[in-house]
Amino acid sequence: MTLNKLNEDFYLQSCLKAAKSLIGKVLVRKRGSKLYSGVIIETEAYLGDKDPASHSFKGRTRRNEHMFGRGGTAYVYFTYGNHYCVNAVIGKPGVAHAVLIRAVEPVTGIKSMKKNRGIDNIYELCSGPGKLTQAMEINGELNGASLLGNEIYITIPEVLRNHKIIKTKRIGITKNADVLYRFIDSESPFVSRVNYRRILIAQQEKNSKSNYRK
DNA sequence: TTGCGGATGGACT
DNA sequence: GTCCATCCGCAAC
């Protein structure tokens with residue numbers, strides 16, 4: 001698995017391409033003797049100073065400083081008093097773009113994930129940005145860690161599946177909320193906010209039909 | 001289906 | 001000091 005680790009070049013492509021391309025890749029987290037992994041099935045792109053929803057829109061602060069780091073850095077932040085979220089920093093140093101990993105399909109370490117989350121339903125283990133960090137023991141200690149290292153990294157799976165990728169509006173934000181910067185495997189039962197997803201797909205179908213009539 | 005409590009840190013006044 | 005943030009779970013409706 002380690003042989004297929006994504007290299008630095010991957011993290012230097014455009015943020016939207018990277019966000020889409022990360023669907024189907026495998027997020028790996030090692031902590032001591034524990035190993036966790038899961039197939040990424042939901043991401044969101046945050047485009048730095050061009051994107052009011054991005055933490056880095058207003059410039060560099062102590063909180064977001066790692067977003068300005070080299071592509072291939074992990075940006076882990078704490079929010080709402082109880083959740084961590086994990087991002088892959090994209091682009092050259094100074095370009096504060098990042099991809100938020102919103103959901104994964106659990107593969108390795110499921111037993112520990114259930115223990116960490118305190119629940120048994122596999123569909124609820126990693127189906128949200130705050131859930132997957134809790135399940136995989138990802139916390140503030142990893143903020144600024146290299147995704148080219150051994151504690152946390154992303155690999156190409158040995159068996160590639162055919163993911164049906166669609167893009168939708170992002171979740172849980174108010175600024176610049178209309179752009180389609182969220183990518184999901186629309187056939188996966190492991191995505192976050194399932195009801196939300198149905199609504200968004202229905203809206204898209206409605207829109208494409210009305211456009212077609214014109 | 002909606003609404004709110006949780007519990008922390010950074011930006012801003 | 002206040003506000004609110006890339007959210008989750010659960011209680012009440």
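Per chain, numbering begins at 1; letters A, B, ... match sequence-line order. Keep in mind that the numbers below use all heavy atoms, side chains included, and drop hydrogens, waters and symmetry copies.
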Nearest-neighbour nucleotide for the [X] side chain, [options] considered:
| X | options | result |
| --- | --- | --- |
| A:Thr61 | B:dG10, C:dG9, B:dG6 | B:dG10 |
| A:Lys58 | B:dC12, C:dG9, B:dG10 | B:dC12 |
| A:Arg117 | C:dG9, C:dC8, B:dA11 | C:dG9 |
| A:Arg102 | B:dG6, C:dA5, C:dC7 | C:dC7 |
| A:His83 | C:dG9, C:dA5, B:dG6 | B:dG6 |

### Query
Rounded to whole angstrom units, what separation is found between the OH atom of A:Tyr77 and the P atom of C:dC7?
6 Å
### Summary
In whole angstroms, the gap separating C1' of C:dC3 from NZ of A:Lys175 amounts to 11 Å
### Message
For the residue pair A:Lys5 and A:Tyr153, would you count it as a cation-pi contact if the rule is NZ or CZ under 6.0 angstrom from the ring centre and within 45 degrees of the ring axis?
### Response
yes
### Query
With a 3.5 Å cut-off and no angle check, do the side chains of A:Ser21 and A:Lys17 form a donor-acceptor pair?
no
#### Entry: Donor on one side chain, acceptor on other, A:Glu44 and A:Tyr46, under 3.5 Å
yes
### Task
Determine the minimum heavy-atom distance between A:Lys92 and A:Leu12, stating which atoms define it.
N-CD2, 3.9 Å
### Query
Minimum heavy-atom separation for A:Arg62 to A:Glu65, with atom names?
O-CG, 3.4 Å
### Canonical and wobble pairing (Watson-Crick, G-U, under 3.5 Å) of DNA chain C, dot-bracket with |
|||||.||||||.
### Query
Using a cut-off of 4.0 Å on non-hydrogen atoms, how would the nucleic acid contact of A:Asn64 be classed: base, sugar-phosphate, or nothing?
nothing
### Query
In Å and rounded to the nearest 0.5 Å, what is the CZ to CG distance from A:Arg102 to A:Asn87?
11.0 Å
